[in-house]
Every structure is written in structure tokens, then in C-alpha cells.
Amino acid sequence: MTNSLHSRQHRRWFEYFGSDISADATLFCFPFVGGNEHNYTKWCDKINSHFDVAALKMPGRPSRSREGFPEQVADLVSPIVEQLVNYPKPFAIFGHSMGGLLAFLVTAALNQRGVSTLGTFISARPAPQLSILKRRAHLPEPALINELRTLGGTPEEVLRNTELMQSVLPIIRADYHLLEQFSYSGQADAITQPLEIIAATQDKLVSDTQINAWKQLPLKQLNQFDIEGEHFYLNQHPDALFEYINTKLSNALSEINQFACAS
């Protein structure tokens with residue numbers, strides 16, 4: 001049965017930010033550690049006008065606060081795939097940092113079931129077969145806050161707001177727990193489509209070695225785009241990112257339209 005864009009279950013997992021429900025395709029966006037769907041609120045103004053933008057609503061976030069945090073990455077991947085495998089429009093996936101791992105795993109599971117995306121964009125994420133170099137889920141609160149300060153992406157006024165951090169830190173710990181529990185098991189073998197790897201040139205969290213390790217996987221095609229900035233370049237140079245994504249999405253959509261006309 002084809003998933004409805006308006007079904008309660010689908011809207012439980014995805015928040016749509018585009019203004020035109022008749023868009024030709026959808027870009028699904030997955031969050032970074034501690035992020036949520038609202039990080040992508042303004043993307044609909046920047047992404048190709050033929051695309052709607054929908055962002056993942058993860059259990060345990062404010063929009064799903066009555067639900068517990070997922071214990072394993074598979075607890076997220078499986079229901080996301082079920083929502084996308086029969087999606088009625090062409091779609092692409094973008095994931096930053098933690099979201100990049102989700103984008104990789106969801107794409108692998110979809111490909112295994114015969115579904116390809118218009119593009120899968122994996123941003124600022126080490127190759128999945130690499131071990132976690134630093135475990136943060138169980139750091140004492142002051143140490144975890146200092147880690148967040150070092151990583152960037154969180155305003156200092158937020159880090160100094162004790163009341164706000166008490167609500168945010170459990171989400172961050174749960175996300176790090178997910179990453180630290182993950183174990184690679186050859187998911188790249190299932191991927192039959194190109195992957196787009198986006199690397200920040202001054203990323204202190206993800207090294208060149210960790211990015212280059214993507215090339216060690218048995219992938220059909222891997223494209224790398226280097227973008228100026230640190231790990232959260234999304235806040236520094238978003239226009240370069242949007243230009244790259246829009247070019248890729250436009251080309252992919254054109255290929256689909258040409259195929260449809262030819263047949």
C-alpha cells in the first residue's frame with residue numbers, strides 16, 4: 001500500500017516545511033546530535049523549487065517527548081525505511097553528522113528493497129566502518145558541556161543556560177549512545193547508487209582520514225564535495241551547500257523527466 005503524505009504515521013515521523021504539497025519530489029533531512037526537525041525549517045526557501053523539504057522527527061525529541069529514546073540505530077532505520085519504501089514521489093536524503101550515518105543506513109536498506117533515492121548526501125560523517133574515537137554519552141555534565149563548546153554549533157548563551165541544558169543534555173546523551181552502540185556489518189554491500197560525501201575543510205571532529213575511508217567501501221560510485229568551514233559549516237557557508245545540492249537534484253530530476261518522455 002502506498003504511504004500517504006497525510007497519514008498520521010507518516011506525519012509522526014516527518015515534518016514538512018514546503019508550502020506546495022504538489023511539489024514534484026521531496027528532500028528528507030536527518031538531524032545531527034542534539035538537533036531536531038526545526039533545524040531545517042528554512043531549507044524550503046533554499047532548495048530547488050521542485051522539491052518539498054521534510055525533516056525527521058526522532059522519538060524523545062520535543063515533538064515526540066512522550067516516547068522513549070531509541071536504544072539502537074536499527075530502531076530508527078527500520079521505521080524510516082517503512083515510511084519511504086513506498087513513498088509516492090521521487091525523493092532524496094540529506095543527513096549531517098549523526099544524520100549522515102542514518103542517511104547511509106536508510107539508503108542501504110532502501111537499495112536492498114529495490115528503491116533508489118535521487119541523491120543521498122552524507123555531510124561531515126566519518127566512514128561507517130571506523131570505530132568511535134571518543135565516547136561522550138556518559139561524560140560528566142561539565143565535561144560534556146565543554147565537549148559541545150569545543151565542537152561548536154551550540155551558542156555560548158545556550159551552553160550557559162542551566163535550565164535549558166537540563167532539557168537538551170538527555171537528548172545529546174541519547175544520540176551519542178546511538179552512535180557508540182552502532183557496529184558496522186557490511187551495509188555498503190547493499191548500496192547500488194552513488195553517494196555524495198560532503199566534507200568540511202576545517203572540520204576538527206571529522207578528519208581527512210575518516211572521510212577518505214569512505215573510498216575503502218565497495219560502493220558503485222562515490223562523489224566528494226569539499227566545502228569551506230568547520231564541522232557546523234551549515235551555519236557558516238550554507239549557500240555553497242545549497243548550490244551543490246540543487247545542482248545534483250536538478251540533474252537527477254531532469255534525468256527522470258527525460259526517461260519519462262522517452263518511454
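We're numbering straight along the sequence, starting at 1. No hydrogens, no waters, no symmetry mates; every other heavy atom, side chains included, goes into these values.
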If hydrophobic residues (ILVMFWY) are linked whenever their side-chain heavy atoms come closer than 4.5 Å, directly or via other members, who joins Phe232 in its cluster?
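ILVMFWY cluster around Phe232 also holds Phe32.
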Regarding Gln166 and Glu141, do their side chains bring together a donor and an acceptor under 3.5 Å, going by distance alone?
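A donor-acceptor contact under 3.5 Å links the two side chains.
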Between Ser250 and Asn48: side-chain donor-acceptor atoms closer than 3.5 Å:
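Result is yes, a qualifying pair exists.
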I need the full list of salt bridge (Lys or Arg N to Asp or Glu O under 4.0 Å) pairs touching residues 221-235, with sequence neighbours left out, sorted by first then second residue.
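Listed once each, the pairs would be none.
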Pairs flagged by salt bridge (Lys or Arg N to Asp or Glu O under 4.0 Å) wherever residues 170-199 is involved - sequence neighbours left out
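Pairs touching residues 170-199 that pass the test: Arg61-Asp175, Glu196-Lys248.
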Would you check if Asp52 and Phe17 make a side-chain contact, meaning some heavy-atom pair closer than 4.5 Å?
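A side-chain contact under 4.5 Å is absent here.
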May I ask you to test the Phe121-Leu241 pair for a side-chain heavy-atom distance under 4.5 Å?
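No; the side chains remain at least 4.5 Å from each other.
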Contacts of type ring-ring contact (aromatic ring centres under 6.0 Å, His included), residue [X], not counting sequence neighbours:
X: Phe91; value: Phe28, Tyr87
X: Tyr244; value: Phe225
X: His231; value: His96

Okay, side chain of Lys220, backbone of Ile191: is any donor-acceptor separation there less than 3.5 Å?
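Not a single qualifying donor-acceptor pair exists.
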Any donor-acceptor N/O pair, Asp75 side chain to Glu71 backbone, under 3.5 Å
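Yes; judged by distance alone, with no hydrogens or angles, the pair exists.
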Not counting sequence neighbours, which residues clear side chain to side chain donor-acceptor pair (under 3.5 Å) with Ser207? List them please.
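Once residues adjacent in sequence are excluded, the partners of Ser207 under the side chain to side chain donor-acceptor pair (under 3.5 Å) criterion are Gln210.
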Only counting residues at least two apart or in another chain, list the ones meeting salt bridge (charged side-chain N to carboxylate O under 4.0 Å, His left out) with Arg136.
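Checked Arg136 against salt bridge (charged side-chain N to carboxylate O under 4.0 Å, His left out); matches are Glu147.
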Which residues pass the salt bridge (charged side-chain N to carboxylate O under 4.0 Å, His left out) test with Glu156, not counting sequence neighbours?
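With neighbours one apart ignored, the set is Arg149, Arg160.
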Atom CG of Asn146: over 12 foreign heavy atoms under 6.0 Å:
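Count over threshold, so yes.
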Which residue pairs satisfy the side-chain hydrogen bond (donor to acceptor under 3.5 Å, both in side chains) criterion with at least one member in residues 32-47, sequence neighbours excluded?
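Pairs touching residues 32-47 that pass the test: Glu37-Ser63.
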Looking at the rings of Phe182 and His177, which for Trp means the six-membered one, are their centres under 6.0 Å apart?
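Not under 6.0 Å, so no.
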Go through the structure and list residues passing side chain to side chain contact (heavy atoms under 4.5 Å, CB included) with Arg64, not counting sequence neighbours.
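Per chain and number, Arg64 pairs via side chain to side chain contact (heavy atoms under 4.5 Å, CB included) with Arg12, Trp13, Lys57, Pro59, Glu67.
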List the atom pairs, with distances to 0.1 Å, where a side-chain N or O of residues 106-115 and a protein N or O form a donor-acceptor pair under 3.5 Å, not counting sequence neighbours.
unit_1: Thr107; atom_1: OG1; unit_2: Ala103; atom_2: O; d: 2.7
unit_1: Thr107; atom_1: OG1; unit_2: Thr120; atom_2: OG1; d: 2.8
unit_1: Asn111; atom_1: OD1; unit_2: Thr192; atom_2: N; d: 2.9
unit_1: Asn111; atom_1: ND2; unit_2: Thr107; atom_2: O; d: 3.4
unit_1: Asn111; atom_1: ND2; unit_2: Val115; atom_2: O; d: 2.8
unit_1: Asn111; atom_1: ND2; unit_2: Gln193; atom_2: OE1; d: 3.1
unit_1: Arg113; atom_1: NH1; unit_2: Glu82; atom_2: OE2; d: 2.5

